[in-house]
**Student:** 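Have a look at the structure that comes next, please.
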Amino acid sequence: MSPRTPVVAANWKMNKTIEEAEAFLGAFLPRIGDLSGTEIVICPPYPALKAVVELSVQSRVKVAAQNMHEEPHGAFTGEVSAPMLREVGVHGVVLGHSERRAHFGETDEAVARKLPAALDAGLEPILCVGETESQRDAGTTEEVLRRQVETDLGAADDARLAEIVIAYEPVWAIGTGRTATPEQAAEAIELIRSLVGARSEEAGAAIRIVYGGSVTPDNAPELLGRPEIDGALVGGASLDPEDFARIVSAARS
Ligand code: PGA
């Protein structure tokens, strides 16, 4: 048994109004009442953060944002800072999601600046890395993951690496219904763990590394049954309270 606490996170992306988030929690929270031993994180869009924090405060659910800016304040129109997220009771933040990299030009260097800012503000970062389909086909998966992990974690202190959650999310598996095989996911996660371990042996053993990309209630038991995989970052299937509760329970067994 891994000594690491599994973490299962719901990445709602640009989905759910406050009203819809409230309806989700009304159905989801009773379903996880007797589940323990797994960290459960919900990542709503910014406007619903406060409502989700307030409704889940008595539960085991933690709330994370989907992005943040690295500066605490300033002339950055349209951006939100880590202290602002902390003020509304947010616990963590997703950084470097492939959709931010692909559609909003987010670079590894930008992610590297955000990581220490998140940690310093007391936010648990969920750092996303993963290769595209053409990179996998070209045989460069290892090289891509190495560059992402080394650059993205480059400005974070060795002593704090274990506080980060890394999500291995192959881009070709996100929202496509094409899940990585448990073997592919485990292999990439082991590589990422060894890269963190090269920085700090202790952090390499303790850091939680999850899989993301078309996780469903049906494939979660097999993926999350692998000892290398410490949980999941779930997009589409996290929008349904019953599906997400089933994925959370798969992480425990
Ligand atoms: P998906 O998204 O589960 O819909 O593939 C995962 C993610 O983008 O984090």
Side-chain angles (χ1 to χ4, degrees), residues 4-18 20-22 24-25 28-29 32 38-70 72 79-101 104 106 110-111 113-130 152-153 156 160-169 174 207-213 215 230-239 241 244-245 247-248 251:
R4 300 180 292 270
T5 304
V7 48
V8 178
N11 177 13
W12 284 354
K13 312 191 178 185
M14 198 173 72
N15 293 292
K16 295 200 190 292
T17 61
I18 293 175
E20 289 164 346
E22 287 170 353
F24 176 96
L25 289 170
F28 178 70
L29 293 179
I32 55 151
T38 300
E39 182 177 331
I40 305 168
V41 184
I42 295 180
C43 315
Y46 291 128
L49 281 173
K50 193 159 190 265
V52 175
V53 166
E54 285 170 359
L55 284 168
S56 57
V57 80
Q58 306 280 25
S59 77
R60 299 177 28 252
V61 170
K62 295 173 178 173
V63 182
Q66 298 173 15
N67 182 32
M68 55 163 252
H69 194 273
E70 69 266 26
E79 294 291 318
V80 171
S81 75
M84 292 169 186
L85 296 173
R86 288 294 296 152
E87 188 186 25
V88 291
V90 165
H91 164 83
V93 62
V94 177
L95 295 177
H97 189 278
S98 67
E99 286 152 17
R100 296 227 44 94
R101 296 178 191 258
F104 305 100
E106 194 151 307
V111 175
R113 290 191 295 273
K114 292 177 183 202
L115 246 158
L119 287 168
D120 288 349
L123 292 171
E124 175 180 83
I126 303 174
L127 167 67
C128 302
V129 296
D152 296 356
L153 298 180
R160 303 204 66 179
L161 292 175
E163 296 170 48
I164 298 165
V165 174
I166 299 182
Y168 167 61
E169 296 207 309
I174 296 178
I207 193 168
R208 290 172 304 165
I209 311 179
V210 306
Y211 167 78
V215 176
D230 296 328
L233 179 57
V234 189
S238 75
L239 297 173
F244 189 54
I247 295 170
V248 170

**Student:** Sub-3.5 Å donor-acceptor pair from the side chain of D230 to the main-chain atoms of I209, do we have one?
**Tutor:** yes

**Student:** Rounded to the nearest 0.5 Å, how far apart are CD1 of I42 and CG of L49?
**Tutor:** 11.0 Å

**Student:** Between E169 (side chain only) and G130 (backbone N and O only), is there a donor and an acceptor less than 3.5 Å apart?
**Tutor:** no

**Student:** Tell me, with the steps shown, if Q66 and E99 meet side chain to side chain contact (heavy atoms under 4.5 Å, CB included).
**Tutor:** CA-CA 11 Å; Q66 298 173 15; E99 286 152 17; over 6 Å; no

**Student:** Over all heavy atoms of both residues, which pair between V90 and A65 is shortest? Give the atoms and the distance, please.
**Tutor:** CG1-N, 3.8 Å

**Student:** If you compare all heavy atoms of V210 against all heavy atoms of L233, which two are closest, and at what distance to 0.1 Å?
**Tutor:** CG2-N, 4.0 Å

**Student:** Salt bridge check, E106 against K114: does any charged N sit closer than 4.0 Å to a carboxylate O?
**Tutor:** yes

**Student:** Please check: side-chain N/O of Y46 versus main-chain N/O of N67, any donor-acceptor pairing under 3.5 Å?
**Tutor:** yes

**Student:** Side chain of R86, backbone of L123: donor and acceptor closer than 3.5 Å?
**Tutor:** no

**Student:** What distance separates L29 CG from R60 CZ, expressed to the nearest 0.5 Å?
**Tutor:** 10.5 Å

**Student:** Backbone N or O of P45 within a donor-acceptor pair of the K16 side chain at under 3.5 Å?
**Tutor:** no

**Student:** Using atom types as modelled and distance alone, determine if a side-chain donor or acceptor of W12 lies under 3.5 Å from a backbone N or O of S238.
**Tutor:** yes

**Student:** Taking atom NZ of K50 as the centre, report whether more than 12 heavy atoms of other residues, nucleotides or ligands fall under 6.0 Å from it.
**Tutor:** no

**Student:** Can V165 and E39 be said to form a side chain to side chain contact (heavy atoms under 4.5 Å, CB included), step by step?
**Tutor:** CA-CA 11 Å; V165 174; E39 182 177 331; 5.5 Å; no

**Student:** Could you tell me if the side chain of V7 sits less than 4.5 Å from the side chain of K62, heavy atoms only?
**Tutor:** no

**Student:** Examine distances only and state if a side-chain atom of E54 and a backbone atom of A51 form a donor-acceptor pair shorter than 3.5 Å.
**Tutor:** no

**Student:** What is the minimum heavy-atom distance between A121 and P83, and which atoms define it?
**Tutor:** CB-N, 4.5 Å

**Student:** Once you round to the nearest 0.5 Å, how far does CG of L127 lie from CG of D152?
**Tutor:** 5.0 Å

**Student:** Can you name the nearest heavy-atom pair linking A48 to I18, along with the distance?
**Tutor:** CA-CG1, 3.9 Å

**Student:** When you look at I40 and F244, which way does the side chain to side chain contact (heavy atoms under 4.5 Å, CB included) test go after all the steps?
**Tutor:** CA-CA 10 Å; I40 305 168; F244 189 54; 4.0 Å; yes

**Student:** Rounded to the nearest 0.5 Å, what separation is found between the OG atom of S98 and the CD1 atom of I174?
**Tutor:** 3.0 Å

**Student:** When rounded to the nearest 0.5 angstrom, what distance separates CG in N11 from NE2 in H97?
**Tutor:** 5.0 Å

**Student:** Please lay out, stage by stage, how I164 and L119 fare under the test side chain to side chain contact (heavy atoms under 4.5 Å, CB included).
**Tutor:** CA-CA 8 Å; I164 298 165; L119 287 168; 4.2 Å; yes

**Student:** For the atom pair CZ (R113) and CD (E70), what is the distance rounded to the nearest 0.5 Å?
**Tutor:** 5.0 Å

**Student:** Is the side chain of R101 donor-acceptor paired with the backbone N or O of G96 at a distance under 3.5 Å, no angle test?
**Tutor:** yes

